[in-house]
Amino acid sequence: MNTDSTAYAADIEAVKQVVATVEHSQQHKDPDEFLALFHPDAVWTTAHGKVLIGLEAISEFTRKVLPAASWDGKVSYEVIHVLFIRPDVAAVKVRQRYLSPGDESEGAPLYVMTKQDDGRWLLTACQNTEVFTD
């Protein structure tokens, strides 16, 4: 993982924990755990281009699709790059992999996270992109 400064070590760990919680919520198909990671005014764009604005829209979509997800296997999320745009704003590049018997797919999410006054990092503007292999 690359970052622009080692001065952000505690924030990098906090950001990694958010991504680990995304992974856990996806593995367990837990919408409540997933939704707790979002800023109320967040913007989320799915891998297929659906734009969701605000926690209410993200929640409605997530509660419909996550528990009913048809994949059966393991999902992993790996932080591969963190860029601090400001001390309280980070762009986080993630490698997302879905692994099931005989099938594998990959995504390349970009999460813009903001640090709240209480120190928590929240997902604020996120774009998930499906990776196609040739």
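- Residue pairs that meet the salt bridge (Lys or Arg N to Asp or Glu O under 4.0 Å) test with at least one member in residues 89-102, sequence neighbours left out, are Arg95-Glu106, Arg97-Glu104.
- To the nearest 0.5 Å, the span separating CD on Glu23 from CD on Gln96 amounts to 10.5 Å.
- Across all their heavy atoms, Asp30 and Asp32 have their closest contact at OD1-N, 3.1 Å.
- Under the 3.5 Å distance criterion, the side-chain polar atoms of Gln127 are left unmatched by any main-chain donor or acceptor of Ala125.
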Pair Tyr98-Gln26, side-chain contact (heavy atoms from CB on, under 4.5 Å): steps then yes or no: CA-CA 10 Å; Tyr98 288 90; Gln26 297 297 303; 3.8 Å; yes
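- Residue-environment remark: CD (Glu60) stays at or below the threshold of 12 foreign heavy atoms within 6.0 Å.
- The distance between the ring centers of Phe38 and Trp44 falls below 6.0 angstrom.
- With sequence neighbours left out, Thr129 forms a side-chain hydrogen bond (donor to acceptor under 3.5 Å, both in side chains) with no residue at all.
- If you take CZ on Arg86 and CG on Asp88, they are separated by 4.0 Å, rounding to the nearest 0.5 Å.
- Classification of the Phe84-Tyr8 ring pair by plane angle, with boundaries at 30° and 60°, yields parallel.
- Listed for the Thr124 side chain is a donor-acceptor partner under 3.5 Å among the backbone atoms of Leu122.
- For Glu33 and His24, the side-chain atoms include at least one donor-acceptor pair closer than 3.5 Å.
- None of Asn128, Leu37, Val22 except one satisfies the side-chain contact (heavy atoms from CB on, under 4.5 Å) rule with Tyr111; the exception is Val22.
- Atom NZ of Lys64 and atom CG of Leu66 lie 13.0 Å apart (nearest 0.5 Å).
- Taken to the nearest 0.5 Å, the CD1 atom of Ile58 stands 11.0 Å off from the OG1 atom of Thr46.
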